[in-house]
Amino acid sequence: GTSPEAWGLPHRLLVRLVDCFANWLKIGQETLQEIGSLPAPPMILMQPTDAEVRFKGIRAQRSFSTIRPSCDEVRAYFHREETLRYLIPDRAFSYTALDGRKSTVAPLRCIGKPSAKIRDHFMLKHNRPPHVTILCLVRDAAARLPGSIGTRADVCTLIRDSQFIVEDISDFQVNQVVSGALDRLHYELDPCVQFDRDRHLWVYLHGEREEEEFENDGTSSRKNWKRQGEMLERNLS
DNA sequence: AATACTCGCAAGGTTAACAG
DNA sequence: CTGTTAACCTTGCGAGTATT
């Protein structure tokens with residue numbers, strides 16, 4: 001029922017709650033509508049995805065980018081997708097990868113963090129949406145890898161497309177931050193990236209997923225997982 | 001020797017719980 | 001309601017290791 005008593009809440013709070021929910025629903029629907037009305041992605045996107053060609057000679061030169069920096073058209077299209085993505089951070093989202101295919105990124109767990117204050121970061125712009133972090137942007141970049149695979153340098157190239165990254169930053173600094181972020185991402189409980197030892201390449205794993213497949217919290221760290229395991233053991237004994 | 005991934009820890013800031 | 005404390009998350013950092 002909608003009576004305050006049924007929820008055990010004061011009427012005033014219940015009204016605010018309903019208000020919040022209505023707003024969330026409205027923004028979600030509007031954003032979904034905009035996503036639906038996005039034009040077709042620019043065909044310049046299609047870069048050669050033949051792994052043989054791309055990764056030839058990678059072993060010799062390790063930190064080598066196998067993709068060109070995006071042109072203005074591709075970057076502009078990505079900015080539109082990126083904006084929509086962070087309007088509905090609690091939903092899964094599909095980016096257009098450099099090979100033209102759709103690639104899904106996991107929902108951000110931002111439930112119960114409405115007041116999320118932006119934390120300053122030397123690589124991130126100050127006027128970004130509150131949920132944008134380095135981890136998100138590196139994940140987005142990895143999702144856009146052509147063929148869902150590439151070098152770390154490729155991820156560095158792609159993350160520079162983001163509208164939330166400051167332009168005036170050295171390759172070395174980007175490299176350092178991306179390295180740390182990939183490190184974090186790949187040992188999460190349900191990792192979105194994986195390092196292929198044999199080929200020395202990073203692989204993005206979530207590209208084919210549907211929204212429903214993200215229901216288990218994919219962003220929980222191994223630290224959490226460990227703690228949950230310990231709690232489970234305690235409960236069993 | 002140089003490079004890049006692995007692993008663990010700690011600083012700094014945030015959230016939640018709680019006593020007054 | 002407010003100040004304090006403890007737990008927690010993100011990020012930075014460095015030692016360790018493997019591959020070239």
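Every chain is numbered from 1 and lettered A, B, ... according to where its sequence line falls, protein lines coming before strand lines.
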Quiz item: Transitively linked via ILVMFWY side-chain contacts under 4.5 Å: A:L137 with A:F122?
Solution: yes
Quiz prompt | Salt-bridge criterion met for A:D154 and A:R144 (N-O under 4.0 Å) | solution = no
Self-check item: side-chain hydrogen bond (donor to acceptor under 3.5 Å, both in side chains) against A:T31, all qualifying residues, sequence neighbours excluded
Solution: none
Quiz item: Can you find a side chain N or O atom of A:W202 that sits less than 4.0 Å from OP1 or OP2 on B:dC5?
Solution: yes
Exercise. Can you establish whether the number of heavy atoms outside A:E208 located under 6.0 Å from its atom CD is more than 12?
Key: no
Quiz item: In whole angstrom, what separates A:F122's CZ from C:dC13's C1'?
Solution: 13 Å
Exercise. Report the distance from atom CG of A:D198 to atom C1' of B:dC5, rounded to the nearest whole Å.
Key: 14 Å
Quiz item: Are A:E167 and A:K125 ion-paired here, with the side-chain N under 4.0 Å from a carboxylate O?
Solution: yes
Quiz item: For A:D196 and B:dT6, what is the distance between atoms CG and P respectively, to the nearest whole Å?
Solution: 11 Å
Practice problem: With axes from five pairs an end, tell me the bend angle of the helix from B:dA1-C:dT20 to B:dG20-C:dC1, nearest 10°. | Solution: 10°
Quiz prompt | Aromatic ring pairing A:W202/A:F195, orientation class (parallel under 30°, perpendicular over 60°, tilted between) | solution = tilted
Exercise. Answer yes or no: does a side-chain N or O of A:R197 lie under 4.0 Å from OP1 or OP2 of C:dT19?
Key: no
Quiz item: Can you check whether A:H186 has a side-chain N or O nearer than 4.0 Å to OP1 or OP2 of B:dT6?
Solution: yes
Quiz item: With a non-hydrogen cut-off below 4.0 angstrom, is A:L182 in contact with a base, only sugar-phosphate, or nothing?
Solution: nothing
